[in-house]
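Every chain is numbered from 1 and lettered A, B, ... according to where its sequence line falls, protein lines coming before strand lines.
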There are 2 protein chains.
Amino acid sequence: MATIRDVAKAAGVSIATVSRVYNNQSLVSPQTTQLILKIADELEYVPNSAARNLIMRRTHTLGVLLPDLYGEFYSELIRGIELVAHRHGFQILLSSSFHGPEDIVMASKAMLGRIDGVIMMSPDKRSMRTAEKISGKVPVVLLNPGEPIEGCHVVAVDNFAGARAATKHLLDLGHRRLAMVAGPEDNIDALDRQEGFRRALIDAGLDPEEALVIPGDFRELSGFKAARVIMGQDPRPTAVFAANDGMAIGLMAALQDKGLALPDDMAVVGFDDITLAGFVTPPLTTVKVDAGCLGGRAVEIMLETLDMEETAPTQRVVLPAHLKVRSSCGIPAGRDHFSRRPWMEPEPHHPEKPVATEYGDEEVQP
Amino acid sequence: MATIRDVAKAAGVSIATVSRVYNNQSLVSPQTTQLILKIADELEYVPNSAARNLIMRRTHTLGVLLPDLYGEFYSELIRGIELVAHRHGFQILLSSSFHGPEDIVMASKAMLGRIDGVIMMSPDKRSMRTAEKISGKVPVVLLNPGEPIEGCHVVAVDNFAGARAATKHLLDLGHRRLAMVAGPEDNIDALDRQEGFRRALIDAGLDPEEALVIPGDFRELSGFKAARVIMGQDPRPTAVFAANDGMAIGLMAALQDKGLALPDDMAVVGFDDITLAGFVTPPLTTVKVDAGCLGGRAVEIMLETLDMEETAPTQRVVLPAHLKVRSSCGIPAGRDHFSRRPWMEPEPHHPEKPVATEYGDEEVQP
DNA sequence: TTGTACGCGTTATCAT
DNA sequence: ATGATAACGCGTACAA
């Protein structure tokens, strides 16, 4: 592979001049610029990014550490991250599918020197502690951490409020025997959603201990299987809150297979508002989480931090999780195909930031 | 940030010794190893990967260039890539959401020096040519290229055969007035699927020009809207082939909204076999594409190429796309929740590799 | 406008 | 077993 030296030699100039062509265009005369560009093209010269990173101490790359990549939530999350990063000329160094805190530490070490900052989402609070180590070296933005970590920015989704609102919705509709299909035991989001569920029951004067909580794993199949447990109850619950849409849809399928008419025989509400939630029958009432926005905001905060050289105070942003009423709980709301993410559409260089509202307002604390 | 020099100084040894501790453990005495490790820990020293990359000419990183990240196909694709890469200690440098060939060239240039190889999927044949430039510098594995490119490995899905089989299925069921919801005009996969559709019609002695082809964009909403066109036809088609599951599900939703009973009033078949295809009602007959496997295979081929230093002959693997019959076409097949990807499950360090055979014969079954 | 020389943080090759 | 030093490919003061 041709190096800057090869080009310099072939063009009869010094490497400094070649370098300048690729950086401070202005400082070199038009004719030599043309010559060098021509020779570089012939030699198929491309500046070596590793060498550049080393000396410039800038990589234009963001490290992204995710617990998993399964499902539309992560899909949209990483899409949002990549999209905003791409707009600013940044690339993504991705690492995922971890088998423990050890693993995640290794991955982050392997990133050091090749990234300008890290965006991280951890499955459990234990692994979250990893962030502390990294934060001393590069800026860190945490996604949905269980608790804040010293020196790290945070972007979170208001899982608690969302779950509470969803459950309240069922309660308001008159349901009294509720069930919940929970997410993975050690998953922070899952835990928060479960807490929101419990809280809503308490708010309504019900005993949360009496509610049926069926373990799940966020996959469709676990929701499907949960139907068996629910149908076996006597008296049977009349409404179910699933900790995510995948499980809710799996559950609905099983319920319908067993001959239940939805929403009349059973109300179902999910969480996430994945695209397909609006296209199943009946359309699924759910809690809208804009995963793409979550990722996008994280990138923006990171880039801001990177811009101002001095260490800025850590930000904490909480994205709202609004109830989205469709028909799966009994209210004939029809379909809603307008669950789009306008800020993700092509080329608004300054994307609309989510609007701060009531419950689960976006709070920006310096 | 502490460098190797800081550690060496603090430990009273040379940088060479410190370096050896992190590489050829054996060549340095146990006591100095311990000492250095202790000091390194205190100083929170982490070797700078950029510097390492520069001199070792190995980055343990794979560049991944994707046209988009929207939908379960890409989600699973990147998951497969990351999973297999992670198993071998590789990270992923990701770039996506391109606005043209220019953009994609820039991105790949920004990767050079920071990656050992590139896995690339291009939306259109034009951008595919980019691969030729890269392939001179690092190994390249192409995903579903329209046509083979000199010096690049290829992993493809047999879109043509899959679409042909899906259409034939409808034909065998007795349908004669078929419609298709197509994918994006310039998308290679979409085009191949459309060709398969046409071919099946020709095979059955039908005129493909008479079949209704409705434009779509692979998103659910375009499938939903297609229903309007279909319902407006007279005589109305009795069966629809959608170029992917998302559009198929959108279509089904709209059809059901309009009061049609599926599959009796209309048969629908999709493409991809996304997880949710088995959980909508009626369960969607589709063509199974293992996107995760597609990505995983690409990584494996890349790693093989990287291992043997000499330039090996380029490989070409075509993954089958099998028809998966559920109930949406009229055959009461029930649900099938066993669409799992066994090779993607945790920790089989040497995943079963699908056997490469001829065109579309590769079996990926457990 | 252009060239020289140093440094970025590391590994590798020779010595010792 | 350990140390000195030359690469790796590039950006940039500083000098010319």
When rounded to whole Å, the CD1 to C1' distance for the pair B:Ile36 and D:dG3 reads 12 Å

One should read off an interatomic distance between B:Leu94 CG and B:Thr61 OG1, to the nearest 0.5 angstrom, of 12.5 Å

Strictly by modelled atom types, are A:Gln25 and A:Arg20 linked by a side-chain donor-acceptor pair under 3.5 Å? no

Measure from CG on B:Leu27 to P on C:dC14 and round the result to the nearest Å. 15 Å

Nearest-Å distance, CZ (A:Arg114) to C1' (C:dC8)? 17 Å

Between the CZ atom in A:Arg129 and the CD atom in A:Glu132, the distance rounded to the nearest 0.5 Å is 4.5 Å

Less than 4.0 Å between a side-chain N and a carboxylate O, is that true for A:Arg87 and A:Glu300? no

A:Ser19 and A:Asn23: side-chain donor and acceptor closer than 3.5 Å? yes

B:Arg58 CZ to C:dT10 C1', in whole Å, measures 17 Å

If you measure only the distance, is there a donor-acceptor pair under 3.5 Å linking the side chains of A:Thr59 and A:Asp116? yes

Using a 4.0 Å cut-off on protein heavy atoms (strictly under), produce a 5'-to-3' string for nucleotides 9-16 of chain D with B for base contact, S for backbone-only sugar-phosphate contact, and - for none. BBBBB---

Atom pair distance, as rounded to whole Å: CG in B:Asn53 and C1' in D:dA7: 16 Å

Between CD of B:Gln31 and P of D:dA1 the distance, given in whole Å, is 10 Å

